2 protein chains.
Amino acid sequence: MRDVAERAGVSIATVSFVVNNTKRVAPATRERIEAAMAELGFRRNVVARALASRRTHILAVAYPALQHRLGSTAMGFITSAASAASEHDYHLVLWPVDNDGGELSELMREGLVDGIVLMEVLLHDPRVDTLLSARMPFAMIGRTADPTGLAFVDIDFEVTVEKGLDHLQGLGHREIVFVSERPPSEAFRAYGAKVRAEAAFRRSCAERGLEPVIVECAQNAAGGRELAHELIEARPRTTAIMIMNEHAAFGVVSGLARRGVRVPTDLSLLSISTSSDMGATSDPVLSIMRSPGKELGRLGVELVIAQLEGNEPPGSRLLPCELEPGESTAPAPPSPPSPMIMNTS
Amino acid sequence: MRDVAERAGVSIATVSFVVNNTKRVAPATRERIEAAMAELGFRRNVVARALASRRTHILAVAYPALQHRLGSTAMGFITSAASAASEHDYHLVLWPVDNDGGELSELMREGLVDGIVLMEVLLHDPRVDTLLSARMPFAMIGRTADPTGLAFVDIDFEVTVEKGLDHLQGLGHREIVFVSERPPSEAFRAYGAKVRAEAAFRRSCAERGLEPVIVECAQNAAGGRELAHELIEARPRTTAIMIMNEHAAFGVVSGLARRGVRVPTDLSLLSISTSSDMGATSDPVLSIMRSPGKELGRLGVELVIAQLEGNEPPGSRLLPCELEPGESTAPAPPSPPSPMIMNTS
DNA sequence: CTGAAAGCGCTTACAG
DNA sequence: CTGAAAGCGCTTACAG
């Protein structure tokens, strides 16, 4: 910067003003400085800027990588967050950080980051307390039990489940089972997404006069296969499954196939809160409720940046998943005459 | 740090020496300083350290996110790289960076990172030239056409393909097709992994007296399905497939199933350079050659750090994928009497 | 509209 | 074994 100043015949302060566009500078001066910068290939040192301005322009995504694997949905989130950050002149760091808040607290005090995006938020998340008491700006992807006053973006599970049920009911399904994920650890039993989706399913079924059947299975193909077999035994009249368990969906399809139950002819499958990628990897291509991962990533970053720059914050938001019909949902098969139907006819 | 120095009754220089363990300090003094640090909850400011020491202790993973999607294999790589970095007191930044080197060059001159890990390396990768001419320490995951003198870790495709063919031939297969990935763009035609795996297959088949059939398909289930159908028409005597195309493997299985070809009874499928995760998501669970993603991530980071700390570098390495038998490979079905067999019997 | 100067919180020769 | 001091490359009141 000193070189640039010398070459342009000004002080380094003035150079700083044009680099940051932070003060009026005479057009002629500005031009000379810009020319000098171009000739020297100047780029301001972000470390020095960080120390002087007390802003590193680095944001961290805290992800409990050890406790929760990073699926393709979460991945889409992170890359979109990184682009959003970069558009606003911020960098994004990935922090594989423990769930308990202790590690997070140490990292924060190093002064490397200006703000934090929290993923995989639990209903009572110790990391939130850590961040609050350190007065570290942050945004959650997901939300705690009571997120009042906190910045967050999350999936609108109420609307998502509602739309999903509309789709299935519109196809004539009435025996619908919700497949949730078996928590990989005790902590994840209170994982916000899981709890909220199940609650939404329960409520929406009640309103529709449907029986709210909810089952869990492990987060892999074997778990899905097992579940499929159990379901055929225990609830043979089921005609549709709504599943929120990306990694088990394949297993469900193939488990059904092994027992001669065809998707979607005999049974429809709707995978919610997932990525197109994941749906397209299946055969038949899954009908999905697409998780707004890209939007969540962008908004999460923008919520943090707004706090940092003192702009009016965009406000916390809930985004629904959008229906992306695939090949795994179809009209319900004609139901065999049930006792009830015979009574009323 | 000034507070710590005051409380311990020493100069900030001495505090710095114990924080960094960089100079002999009298045990008594050290103890007093450590006590003061604990009481004050001191953590050194990494930004100030970076500016003073001219080392940020930040490493970047440059990933062409726009051109190549981040699958579960690449993800495992990044999380393991992040842990390795963190063990060595480094941070890891994810840089979704363009393939052409221009963006990389700008980011480097900001002075944020000490070193770079390059992923998805092309045979003639412009980013390598950028890094070399900037004298930026880096390591490649993968390698250019001639990686002499460069730091890299890569999969040993020769050994991997060899082992894979051993497995299949050991099961009696002789009509083996290699399924490669259709490059998403022209640049990726010279993607190191693809080119090397195909070459290894060709060479190894020649040695074994097998016909080296190589086909390509798009990187998704639809591509795999399509390919399965074509294969049944064009090469009905195929009894085994070796595939290096994670996202298409499912499609191949289901495409075969639709035509009544069962895996592995009628046809074996071995997916190479992939993750257990990916294999387990399929049904049948795929037999795979597991990509050493975790080891590559760790080694890549350590190669960069060794350069930075001036240690004897670990040396570039090639790691083979390991066979992880699943349910998708089985003995070759008894071949129908072919003209050749009849002649020789 | 521009500049001189203090300061961000450390590290690191250098001196003692 | 310890300390005083310069300096890392910027930003930012403050003065003019």
Side-chain angles (χ1 to χ4, degrees), chain A residues 1-37 40-58 89-91 107-114 308-310, chain B residues 1-37 40-58 89-91 107-114 308-310:
Chain A
M1 192 174 243
R2 208 170 38 216
D3 295 347
V4 173
E6 221 161 82
R7 192 183 195 97
V10 297
S11 73
I12 59 166
T14 309
V15 176
S16 175
F17 299 148
V18 351
V19 166
N20 298 300
N21 198 21
T22 179
K23 227 179 180 181
R24 297 204 74 75
V25 171
T29 316
R30 170 182 299 273
E31 253 168 52
R32 255 184 307 135
I33 292 173
E34 275 166 355
M37 291 201 298
L40 296 170
F42 172 79
R43 276 234 130 195
R44 84 152 132 3
N45 180 309
V46 295
V47 176
R49 170 177 68 157
L51 187 58
S53 69
R54 335 202 70 199
R55 282 253 175 284
T56 63
H57 278 233
I58 299 178
D89 190 25
Y90 279 79
H91 285 291
L107 283 170
M108 278 181 337
R109 279 180 301 148
E110 290 188 338
L112 217 214
V113 305
D114 289 347
L308 290 170
E309 320 245 299
Chain B
M1 193 175 246
R2 209 170 36 215
D3 296 346
V4 173
E6 222 162 82
R7 191 181 195 97
V10 296
S11 75
I12 59 166
T14 309
V15 175
S16 175
F17 298 148
V18 350
V19 167
N20 298 301
N21 199 21
T22 180
K23 226 180 182 180
R24 297 204 74 74
V25 171
T29 316
R30 170 183 297 274
E31 252 169 51
R32 253 182 309 138
I33 293 173
E34 274 166 355
M37 290 200 299
L40 295 169
F42 173 78
R43 278 234 129 195
R44 82 154 134 2
N45 180 309
V46 295
V47 176
R49 171 176 67 156
L51 186 56
S53 70
R54 334 200 73 198
R55 283 251 174 286
T56 63
H57 278 233
I58 300 178
D89 190 26
Y90 279 77
H91 284 291
L107 283 171
M108 278 181 337
R109 280 179 300 147
E110 290 189 335
L112 216 214
V113 306
D114 289 346
L308 290 170
E309 320 245 298

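Proteins come first, then strands; the chains are lettered A, B, ... in the order of their sequence lines, and each starts at number 1. None of these values were measured; they are calculated from a predicted model. Below, all heavy atoms of this structure are taken into account, side chains as well, without hydrogens, waters or symmetry copies.
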Checking [X] side chain against [Y] main chain: does a donor-acceptor pair fall under 3.5 Å?
X      : Y     : result
B:R109 : A:G41 : yes
A:R32  : A:A8  : yes
A:N45  : A:V47 : yes

**Message:** Base, sugar-phosphate or nothing for A:V10? Non-hydrogen atoms, less than 4.0 Å.
**Reply:** sugar-phosphate
**Request:** With heavy atoms under 4.0 Å as the rule, sort A:T29 into base, sugar-phosphate or nothing.
**Result:** sugar-phosphate
Nucleotide nearest [X] when distance is taken to its side chain, options [options]:
X     : options               : value
B:N45 : C:dG9, D:dC10, D:dG3  : C:dG9
B:A26 : D:dT2, C:dT11, D:dT11 : D:dT2
A:V25 : D:dG9, D:dT2, C:dT2   : C:dT2

To the nearest 0.5 Å, tell me how far [X] [atom1] sits from [Y] [atom2].
X      : Y     : atom1 : atom2 : answer
A:E6   : A:I12 : CD    : CD1   : 11.0 Å
A:L112 : B:H91 : CG    : NE2   : 4.5 Å
A:M37  : A:D3  : CE    : CG    : 13.5 Å
B:F42  : B:R7  : CZ    : CZ    : 13.5 Å

Contacts under 3.5 Å, N or O only, protein and nucleotides 13-16 of chain C:
from: C:dC14; atom 1: N4; to: B:K23; atom 2: NZ; distance (Å): 2.9

Taking [atom1] from [X] and [atom2] from [N], how many angstroms apart are they, rounded to a whole number?
X     : N      : atom1 : atom2 : result
B:M1  : C:dC8  : CE    : C1'   : 14 Å
A:R24 : C:dG3  : CZ    : P     : 17 Å
B:L51 : D:dC10 : CG    : C1'   : 8 Å
B:R49 : D:dG9  : CZ    : P     : 17 Å
B:R54 : D:dC8  : CZ    : P     : 7 Å
B:I12 : D:dA5  : CD1   : P     : 12 Å
B:R2  : C:dC10 : CZ    : P     : 9 Å
B:R55 : C:dG9  : CZ    : C1'   : 19 Å

Looking at [X], does any N or O in its side chain come under 4.0 Å of the phosphate oxygens OP1/OP2 on [N]?
X     : N      : result
A:S16 : D:dT11 : yes
B:T14 : D:dT2  : no
B:S53 : C:dT11 : no

**Asked** More 5' along DNA chain D: B:P27 or B:A48, using each one's nearest nucleotide?
**Response** B:P27
**Request:** Give the C-alpha distance, both sets of side-chain angles, the deciding distance and a yes or no for salt bridge (Lys or Arg N to Asp or Glu O under 4.0 Å) between A:D89 and A:R49.
**Result:** CA-CA 13 Å; A:D89 190 25; A:R49 170 177 68 157; 3.6 Å; yes
**Asked** Counting heavy atoms not belonging to B:E309, are there more than 12 under 6.0 Å from its CD?
**Response** yes
**Item:** Identified stems (criterion: three or more consecutive Watson-Crick or G-U pairs, under 3.5 Å), DNA chain C
**Value:** C:1-3 with D:14-16, C:5-12 with D:5-12, C:14-16 with D:1-3
**Prompt:** Only one of A:V46, A:L308, A:D114 clears side-chain contact (heavy atoms from CB on, under 4.5 Å) with A:H57; which?
**Reply:** A:D114
